[in-house]
Amino acid sequence: MFEFGSPREGLVHSTSEVALRFSIQINEGPYTHQASDTAYQFTKAALEKGHEIFRVFFYHDGVNNGTRYTVPPQDDRNLQKLWTELAEKHKLDLVVCIAAAQRRGILDANEAKRQGKDGDNIAPGFRISGLGQLIEAGIQADRLIVFGD
Amino acid sequence: MFEFGSPREGLVHSTSEVALRFSIQINEGPYTHQASDTAYQFTKAALEKGHEIFRVFFYHDGVNNGTRYTVPPQDDRNLQKLWTELAEKHKLDLVVCIAAAQRRGILDANEAKRQGKDGDNIAPGFRISGLGQLIEAGIQADRLIVFGD
Amino acid sequence: MSDEQQKKKFFYLNRKAPYGTIYALESLEVVLIGAAFEQDVSLAFVDDGVFQLMDNQDAAGTGMKGFSKIYRALGDYEVRKLYVEKESLETRGLSVEDLMPITYEDEDEDYAEKPSIILVDKSELAKIIADQDVVMSF
Amino acid sequence: MSDEQQKKKFFYLNRKAPYGTIYALESLEVVLIGAAFEQDVSLAFVDDGVFQLMDNQDAAGTGMKGFSKIYRALGDYEVRKLYVEKESLETRGLSVEDLMPITYEDEDEDYAEKPSIILVDKSELAKIIADQDVVMSF
Amino acid sequence: MSTLHTVNKSAYERNALKSCLDHALPGDAILLIEDGVYAARKGGSIAPALTAAKGNFKIYALGPDLAARGVVAGQVLEGIETVDYAGFVGLAADATRVCAWL
Amino acid sequence: MSTLHTVNKSAYERNALKSCLDHALPGDAILLIEDGVYAARKGGSIAPALTAAKGNFKIYALGPDLAARGVVAGQVLEGIETVDYAGFVGLAADATRVCAWL
């Protein structure tokens, strides 16, 4: 893991800041609330400062960030793509809560098959898993940051 | 249209109540907020009293009521199915706003094709259309009732 | 029913701040589409809704799309009545000078530019609501 | 890192009323799953969160699924610390008698039934928050 | 020519009920639904404001929402009438317009 | 051993900031984000409470959120420091835990 040796551009005026492991929880869907935007900017900034992101966990309506069916207006940001690209670049673990996803209609191929649905809509870079992954994210990280409504 | 001649079980103590034409606007997704539940109970009660429902318009996160991919817990209500069944029974016009749906990943077969997506998730009984349908619902109905957050 | 009879008073009640949630933006999208229907349209900005009209909005740093320019364009859509509640401004330490200038061109007066923002107090707004046919809340 | 060192203080901050939104229910789902991880768990009910614990909840008429029984079962999951804020109760005209009785069996005292609800005031709760490792907000 | 106002937010958390009371006219009906029904409970800090408002408005609370939240019959403020969904429809029909304070 | 508290709600609409101020300890940091930043604007009715709180806590506001909402530099209350997303990360790193008042 990257350790801060000397002051760098973009670092805050913190004297104590060393590389930490963050977990991120996102509770709201894209566009409807700013939570996903703020979480994305925070995650990007943390990575740029050399911190580790242990996991990004999508809960409640946050699971709606993980559908590849969104088609936002062309002059607007595409939050799903932003997350997918950030995950690809930094090997992020983007986890969509299975219980929350079932209530809200987010499916991967496995879930679709298991539930007898005729298709799935999960976006690249996201995976569906259980709430235990959120608890583990809390245990393994130095800080858990919650973005919600 | 049904007119109230004499007092009936279940009618409120209104002396003036005649059959009216209602439009319903739903702004929130199922489960996350109670708005869809309340709107459903209101719509059902209005129909049982002999009123007409001109249109149910799903806006903002309300569009998420219209995905057939939801799999709520077995002991819980399935709001999408409740709406689909009510629409079937009473020939309701359930309209999902296209602009809101695009942001949130709700697609019908036409939209999927037009946007180059590999599948769709719209539920039976729902159709995707423009915001003009909401304005028309306001114009044509005696009352527009908004359920939201 | 004639076309004239079909003309209804549409009232958009905006009580939420912009950007934190999408309601302000998606409310505007309804207003723009609704303008084509040639109804009698007015908008009200109450409580945190008054923040929607603040001048100098620049969303670029958040990654979100700014949309404050749309309010300025409402006059072009013949949306000319933007009621702003005085008490809501005062509580937030705002005056009308803190808001965007929003105007329309009056075709009856040689296209003179006139302000669309109408300051009202609570009791005036209460009476305006009581005069509407359709209230859409955001 | 040993298993002992891995044990963290998990704190669930519940500030929302039940039923109007899903946060109360989905917060409970995290608590139940989290119980299997054998961390040091406590829940706090503050502001409208205290409404979650009201007795006599019956959601049948709304069509929604009632879930108040889950709170009573928390003791079986070894979730035994439910901090309820006095000031939040008082503002809402509630006393602890208006809340569900929630208990756990203390295996160290011959499985005596003990109350899980712990009344605290604001300043006590502030200190409890300052002692946590992980704060999950709902 | 009256308005039905609906309030679905907890008055302890948000300003929707206050704003509604500020903008209703004498003779209007106010219906508390969803989390809005907590305001109808006796003893809370919002109760005096609601009791004062009863002189000007007809105030209702949705029964199924009260029951879901554990607000039982004897706890509802005097003068607030409980209605079911059919009653909600009736109130909407009786009014000239419905204004939601979201 | 301090806490970073985040507040993302308008203090004019909800009680999140008030509740945060009631539960922060001296030396804690409070970061206003999203609609929470309106509280940092001079002249509003919440300003005195925030000014009083500055004696006990370090109060920050997220710059990009201020800018989005049209709160320009001179309008921010004295003593409230503006940070960017990197600064937000730094505050989270400096604290022992982060508590969101949603």
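Residue numbers begin at 1 in each chain, while the letters A, B, ... track the order of the sequences. Remember, predicted model here, so these are calculated numbers, not experimental data.
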Give the atom names and distances for all donor-acceptor pairs closer than 3.5 Å across chain C and chain F.
from, atom 1, to, atom 2, distance (Å)
C:Gly20, N, F:Asp35, OD1, 3.2
C:Asp48, OD1, F:Ser10, OG, 3.4
C:Asp48, OD2, F:Ser10, OG, 2.6
C:Asp58, N, F:Ala67, O, 2.8
C:Asp58, O, F:Ala68, N, 3.1
C:Thr91, O, F:Ser45, N, 2.8
C:Thr91, O, F:Ser45, OG, 3.1
C:Gly93, O, F:Arg41, NH1, 3.3
C:Asp98, OD1, F:Arg41, NH2, 3.2

Is it the case that atom [atom1] in [X] sees more than 12 heavy atoms from other parts of the structure closer than 6.0 Å?
{"X": "C:Lys9", "atom1": "NZ", "value": "no"}
{"X": "C:Glu38", "atom1": "CD", "value": "no"}
{"X": "C:Phe37", "atom1": "CZ", "value": "yes"}

